[in-house]
Amino acid sequence: MKISKFEHACVRVEKDGKVLVIDPGTFSEGPVLEGADAVLITHEHFDHVDVGKLRAASPDLEIWTCEAVAAELADVPAKVQVVRHGDAFETAGFGVKVFGEWHALNHPDIPIVQNVGFMLDDALFYPGDALTVPGVDVPTLLVPTNAPWLKLVEMVGYLREVRPGRAFSTHDGLINDRGLAVVDNWLKVEADKQGAEIRRIGVGESVTLS
């Protein structure tokens with residue numbers, strides 16, 4: 001399984017010639033959906049879903065997401081399928097399990113939206129904009145490291161509660177190079193404490209999971 005980091009919150013996951021893309025939002029540039037067989041979308045916020053990108057994608061594309069996002073994608077030619085917490089399905093050669101229901105609290109005046117996390121092949125967990133603890137072993141976690149809804153103490157607490165075998169940063173496109181250096185430092189501190197690989201993948205970089 002190969003993971004490639006795009007801007008902010010988008011990743012491509014490849015296996016056996018198949019391509020699955022998670023959260024291709026408006027901050028994610030370049031040919032994010034090129035060659036994609038399936039897309040997983042955690043929630044409706046623009047930094048996680050770009051309707052224009054999906055509208056222009058192949059009608060053969062499979063999109064799996066929560067009910068709220070599916071309603072926004074009514075005119076997208078691809079096949080859109082709704083999933084909820086507890087569901088399991090197969091797409092693009094991946095076995096996928098769904099965990100979580102709600103986005104983390106952003107602002108006291110903004111309603112909380114739906115948010116679903118995805119576990120791929122029991123090997124890679126992407127929680128979206130939530131600190132969902134799936135309650136199962138997480139070999140690799142894509143951990144949010146910066147957001148209006150997230151504090152450092154919460155990110156560190158999440159890593160310590162999930163205790164993944166390894167973790168890579170996501171949701172880090174809102175900060176400049178100095179901020180990313182701070183993120184790198186705290187991830188290294190936690191990596192040393194847990195004795196695990198915990199770090200940021202740069203945009204355009206890839207990691208292959210054995």
Side-chain angles (χ1 to χ4, degrees), residues 1-28 30-104 111-144 170-171 209:
M1 185 186 297
K2 177 182 176 183
I3 305 169
S4 300
K5 178 76 166 63
F6 279 72
E7 291 85 359
H8 190 51
C10 178
V11 294
R12 282 170 62 100
V13 187
E14 301 174 54
K15 185 186 74 172
D16 299 332
K18 297 289 188 177
V19 176
L20 184 150
V21 178
I22 307 176
D23 281 5
T26 58
F27 293 168
S28 304
V32 176
L33 296 178
E34 184 176 342
D37 299 286
V39 170
L40 308 180
I41 301 170
T42 60
H43 66 284
E44 65 193 67
H45 291 155
F46 67 90
D47 56 328
H48 292 259
V49 55
D50 184 332
V51 177
K53 282 190 182 78
L54 296 171
R55 193 176 288 125
S58 168
D60 296 326
L61 186 71
E62 293 185 359
I63 301 173
W64 304 78
T65 188
C66 62
E67 186 176 0
V69 175
E72 292 188 0
L73 302 181
D75 64 344
V76 167
K79 183 179 181 182
V80 180
Q81 299 171 89
V82 172
V83 294
R84 300 174 179 84
H85 174 74
D87 286 348
F89 58 94
E90 291 190 7
T91 186
F94 292 88
V96 184
K97 296 176 181 177
V98 184
F99 294 91
E101 298 179 88
W102 301 107
H103 192 289
I112 297 175
V113 301
Q114 293 176 333
N115 181 97
V116 289
F118 298 102
M119 177 80 81
L120 277 60
D121 287 348
D122 293 323
L124 174 69
F125 183 56
Y126 185 108
D129 279 12
L131 300 180
T132 301
V133 177
V136 297
D137 288 341
V138 178
T140 301
L141 173 67
L142 296 178
V143 56
T170 187
H171 213 283
L209 307 181

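What you see is a predicted model; the values in this text were computed from it and never measured.
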key: L54/L33 under side chain to side chain contact (heavy atoms under 4.5 Å, CB included): CA gap, chis, key distance, verdict   = CA-CA 8 Å; L54 296 171; L33 296 178; 3.9 Å; yes
Derivation and outcome, side chain to side chain contact (heavy atoms under 4.5 Å, CB included), residues Q114 and H103 = CA-CA 6 Å; Q114 293 176 333; H103 192 289; over 6 Å; no
query = Step by step, would you call F27 with F6 a ring pair (Phe, Tyr, Trp, His ring centres under 6.0 Å)?
reply = CA-CA 9 Å; F27 293 168; F6 279 72; over 10 Å; no
key: Verdict with reasoning, F118 to V83, per side chain to side chain contact (heavy atoms under 4.5 Å, CB included)   = CA-CA 10 Å; F118 298 102; V83 294; 4.0 Å; yes
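With rounding to the nearest 0.5 angstrom, the OH atom of Y126 is 7.5 Å from the SG atom of C10. For the atom pair L40 CG and H48 NE2, the distance stands at 13.5 Å (nearest 0.5 Å). Summarising the geometry, atom CG belonging to D60 is positioned 11.0 Å from atom NZ belonging to K79; distances are rounded to the nearest 0.5 Å. For the atom pair E67 CD and R84 CZ, the distance stands at 5.5 Å (nearest 0.5 Å).
Among all heavy-atom pairs drawn from L61 and A36, the shortest one is CD1-O, 3.5 Å. Nearest approach of A123 to P139, heavy atoms of both residues: O-CB, 3.5 Å. When all heavy atoms are compared, the tightest approach of V69 to H43 is CG2-C, 3.3 Å.
F125 meets the ring pair (Phe, Tyr, Trp, His ring centres under 6.0 Å) test with F99; sequence neighbours excluded. Remark: E72 pairs with no residue by the salt bridge (charged side-chain N to carboxylate O under 4.0 Å, His left out) rule, at least two apart or across chains. The salt bridge (charged side-chain N to carboxylate O under 4.0 Å, His left out) test applied to K15 returns D121, not counting sequence neighbours. A search for salt bridge (charged side-chain N to carboxylate O under 4.0 Å, His left out) contacts involving D47 returns nothing, not counting sequence neighbours. Applying the side chain to side chain contact (heavy atoms under 4.5 Å, CB included) rule to E101 yields the partners H85; only residues at least two apart in sequence or on another chain are considered. Residues satisfying the side chain to side chain contact (heavy atoms under 4.5 Å, CB included) criterion with A130, sequence neighbours excluded, are N115, T132. In this view, D16 satisfies the salt bridge (charged side-chain N to carboxylate O under 4.0 Å, His left out) rule with no residue, not counting sequence neighbours. Qualifying side chain to side chain contact (heavy atoms under 4.5 Å, CB included) partners for A104, counting only residues two or more places apart in sequence or in other chains: W149. In this structure, the side chain to side chain contact (heavy atoms under 4.5 Å, CB included) partners of L209, at least two apart in sequence or on a different chain, are M1, I3, T140, R166, F168, V207.
Residue D23 forms a side-chain contact (heavy atoms from CB on, under 4.5 Å) with just one option from I41, V49, T65, V32, and that option is I41.
Screening residues 34-45 for salt bridge (charged side-chain N to carboxylate O under 4.0 Å, His left out) gives no qualifying pairs among residues at least two apart or on separate chains. The salt bridge (charged side-chain N to carboxylate O under 4.0 Å, His left out) pairs that include a residue from residues 126-137 number zero, where partners must be two or more places apart or lie in different chains.
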Validation: residues 90-98 side-chain donor-acceptor distances under 3.5 Å, sequence neighbours left out:
from : atom 1 : to   : atom 2 : distance (Å)
T91  : OG1    : E62  : OE1    : 2.7
T91  : OG1    : W64  : NE1    : 3.1
K97  : NZ     : D122 : OD1    : 3.0

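Proximity of a side-chain donor or acceptor of T170 to a complementary backbone N or O of L142 within less than 3.5 Å is not detected. Distance alone, capped at 3.5 Å, is enough to place a donor-acceptor pair between the S28 side chain and the E7 backbone. No donor-acceptor distance shorter than 3.5 angstrom exists from the side chain of R55 to the backbone of D75, with no hydrogens or angles considered.
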